[in-house]
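Each remark here refers to the structure printed beneath this line.
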Amino acid sequence: MLNKVSDKTKGDVIEISSEKFGVRLSDEMSKMNERIVEEITKVNERIIEEISRLDNRITAEMAKVNNQISNVQANLIKWMFIFWVGKIGAILGILFAFFK
């Protein structure tokens, strides 16, 4: 009879321990999930911040490139004008020389 009571007590202790372990494991998993969510949120915020910085940097560099392209175009138009004025002057000089 004592063996039966001892076995029943062992069974009860094991059952109670497994229930407590289950509850504790559930609590720890919940805490771990909350921490993971917090870390993911921090990572997402950092990614958004870095993307914003990168976007600003790209915008600034594109503005510089557009400015340089505008300067090159203006310089090219200036030299084209000088070239064509010189070409027309040379042709007019040749024509005046030819018709004299």
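Other residues sharing the hydrophobic cluster of Met32, ordered by chain and number and joined by side-chain separations under 4.5 Å: Ile36, Ile40.
The line from CD of Glu19 to CD1 of Ile16 is 7.0 Å long, rounded to the nearest 0.5 Å. From Glu38, atom CD reaches atom CZ of Arg35 across 8.0 Å, with rounding to the nearest 0.5 Å. Distance check: Ser70 OG to Asn66 CG gives 6.5 Å after rounding to the nearest 0.5 Å. Between the CD1 atom of Ile51 and the CG atom of Asn44 there is a distance of 9.5 Å, given to the nearest 0.5 Å. Annotation: the span from Ile88 atom CD1 to Phe83 atom CZ amounts to 10.0 Å, rounded to 0.5 Å.
In summary, Glu61 and Lys64 engage in a salt bridge, as defined by a charged side-chain N under 4.0 Å from a carboxylate O.
Linking Ile, Leu, Val, Met, Phe, Trp and Tyr whenever their side-chain heavy atoms come within less than 4.5 Å leaves Val85 and Ile77 in two separate clusters.
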Could you check Arg46 against Glu49 for salt bridge (Lys or Arg N to Asp or Glu O under 4.0 Å), going step by step and ending with a plain yes or no? CA-CA 5 Å; Arg46 176 121 190 250; Glu49 182 180 307; 5.6 Å; no
Verify salt bridge (Lys or Arg N to Asp or Glu O under 4.0 Å) between Glu50 and Arg53, making sure each step is shown before the conclusion. CA-CA 5 Å; Glu50 291 298 323; Arg53 283 187 202 160; 3.0 Å; yes
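Side-chain atoms of Ser26 do not come within 3.5 Å of backbone N or O of Gly22 as any donor-acceptor pair. Counting only distance, with no hydrogens or angles, the side chain of Ser52 and the backbone of Ile48 share no donor-acceptor pair below 3.5 Å.
With sequence neighbours left out, the side chain to side chain donor-acceptor pair (under 3.5 Å) criterion links Arg24 to no other residue.
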